[in-house]
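Notes follow once the structure below has been shown.
Starting from 1, each residue takes its place in the sequence as its number.
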Amino acid sequence: MALPQLIPSPSSSSLSRKLFLNPNHPLNPNSGFSSLSSSGIPLPSLARNRHHRRRKANSLLRCSASSFSEKHHTGSPKSDDVVELPLFPLPLVLFPGAILPLQIFEFRYRMMMHTLLQTDLRFGVIYSDATTGTADVGCVGEVVKHERLVDDRFFLICKGQERFRVTNLVQTKPYLVAEVTWLEDRPSGDGDEDLESLANEVETYMKDVIRLSNRLNGKPEKETQDLRRNLFPTPFSFFVGSTFEGAPREQQALLELEDTAARLKREKETLRNTLNYLTAASAVKDVFPSS
């Protein structure tokens, strides 16, 4: 589904990358990626996947609100727990509940995978780019499916779990290992905040953006699917953030927020700005159909 460029809120106006909304795709590859398969599966700078593997994975990697369960893990860790976690810096942002396919070929990360396969299959995905460096906040990726290839590469399907903050780097070679603490959304400062109403407003804006985008692209204006699928506001806010493709710094800012209401409000503002832009563009198209 081709969807429009989103207009970031003033709080994110410094973003240099275009922002796209795609509720059917987990995460968009950025300049650090070497390949994007024809099925829309992002493959990090880890090697090109064979076409038959891409087709095989396609049916597994459809990302929608149904992927974002209310509990992303069992035995939720406490926010003051400190644990050691292997880190995988990538030019993308993983959200709790989102699906991330990876192909591992670099030697140090193959070593990491051999270790993970003998332990709990969890590692930290953390955003990194040449401009801003490596972020302090990331998301645990849990390997839910893996395939070891004949040349010792690995094809993985991971799911985002809890968020974490790096507190201390304890190992840099052969791969990063850090002490981390867990992040959880705190109750909103406004005790009367109606999160359900706010989440419903965000869903309405998303549907309107999709509808107008389809119209501008000459596609049928069919009724948009249920985007929330009974998700509570917090996991829904993560789902919305995961659809903001092409602007990982904005996604990182959303990931770092520890207030569901603040995250939903920021997403609502971005979607509202985008809707205003699309409405104006649609009006221009009605007056000048050939434009």
Side-chain angles (χ1 to χ4, degrees), residues 1-8 18-29 36-42 54-55 57-72 92-101 144-145 157-160 194-247 250-251 254-255 260 263-279 281-282 285:
M1 180 184 295
L3 292 171
Q5 178 180 350
L6 294 185
I7 311 302
K18 291 183 178 180
L19 182 62
F20 294 88
L21 171 68
N22 188 345
N24 297 314
H25 181 56
L27 288 164
N28 188 49
L36 177 65
S37 76
S38 58
S39 61
I41 301 170
R54 294 173 183 172
R55 289 195 296 267
N58 186 37
S59 62
L60 299 173
L61 300 177
R62 301 301 293 172
C63 182
S64 67
S66 61
S67 303
F68 290 68
S69 60
E70 303 302 350
K71 292 292 184 182
H72 306 304
L92 57 76
V93 178
L94 177 65
F95 283 85
I99 300 299
L100 176 64
V144 295
K145 186 177 179 64
I157 297 177
C158 309
K159 185 173 182 179
D194 188 345
L195 292 180
E196 279 295 327
S197 296
L198 190 54
N200 288 335
E201 289 181 60
V202 170
E203 181 186 26
T204 298
Y205 276 116
M206 286 186 74
K207 289 181 176 180
D208 289 341
V209 166
I210 294 170
R211 175 180 55 80
L212 272 181
S213 173
N214 286 340
R215 181 183 179 190
L216 287 169
N217 286 294
K219 295 183 178 181
E221 293 188 48
K222 58 183 179 182
E223 185 175 351
T224 308
Q225 62 179 331
D226 177 13
L227 298 177
R228 275 197 71 180
R229 299 191 181 181
N230 298 318
L231 285 178
F232 288 140
T234 297
F236 179 65
S237 72
F238 292 139
F239 165 67
V240 175
S242 74
T243 69
F244 285 9
E245 298 182 0
E250 171 67 5
Q251 289 184 310
L254 292 169
L255 184 75
T260 300
R263 189 180 304 110
L264 287 169
K265 286 177 180 178
R266 183 163 179 160
E267 292 165 344
K268 175 184 171 182
E269 187 174 2
T270 295
L271 290 166
R272 180 170 53 198
N273 291 341
T274 302
L275 184 61
N276 290 339
Y277 169 81
L278 291 175
T279 301
S282 180
K285 185 174 182 179

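Taking every heavy atom of both residues into account, V202 and L264 meet most closely at CG2-O, 3.5 Å. Taking both residues in full, the closest heavy atoms of L195 and P233 are given as CB-CG, 3.7 Å, listed atom of the first, atom of the second, then distance. For the residue pair Q251 and G241, the shortest heavy atom distance occurs at NE2-O, 2.9 Å. In terms of heavy atoms, L255 sits closest to P96 at CD1-CD, 4.0 Å.
Inter-residue side-chain proximity for E250 and V93 is flagged as unmet; no heavy-atom pair is nearer than 4.5 Å. Y205 places none of its side-chain heavy atoms less than 4.5 Å from the side chain of V240. Counting heavy atoms from C-beta outward, S242 and L94 have side chains that stay 4.5 Å or more apart. In this structure, the side chains of E203 and F236 come closer than 4.5 Å at one or more pairs of heavy atoms. Side-chain contact check for L271 versus D208: every heavy-atom pair is 4.5 Å or farther apart.
In this structure E201 satisfies the side chain to side chain donor-acceptor pair (under 3.5 Å) test together with K268, sequence neighbours excluded.
Between R272 and E267 there is no salt bridge, since no side-chain nitrogen of the basic residue lies less than 4.0 Å from a carboxylate oxygen of the acidic one. R229 has no carboxylate O lying under 4.0 Å from a charged side-chain N of D226, or vice versa, which leaves the two without a salt bridge.
Atoms CZ and NZ, from R228 and K207 in turn, are 10.5 Å apart once rounded to the nearest 0.5 Å. Once rounded to the nearest 0.5 Å, the distance linking CZ of F244 with CZ of R266 reads 10.0 Å.
Remark: the T260 side chain and the S237 side chain contain no N/O donor-acceptor pair separated by less than 3.5 Å.
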- Message: Before you tell me yes or no, could you show the steps for R215 and L278 under side-chain contact (heavy atoms from CB on, under 4.5 Å), namely the whole-Å CA-CA distance, both residues' side-chain angles and the distance that decides it to 0.1 Å?
- Response: CA-CA 10 Å; R215 181 183 179 190; L278 291 175; over 6 Å; no
- Going through the checks in order, is the side-chain contact (heavy atoms from CB on, under 4.5 Å) test met by K145 and K159? CA-CA 9 Å; K145 186 177 179 64; K159 185 173 182 179; over 6 Å; no
- Task: Could you walk me through whether L227 and Q225 pass the side-chain contact (heavy atoms from CB on, under 4.5 Å) test, one step at a time?
- Result: CA-CA 6 Å; L227 298 177; Q225 62 179 331; 3.8 Å; yes
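Side chain of S282 to backbone of T279: no donor-acceptor contact under 3.5 angstrom is found.
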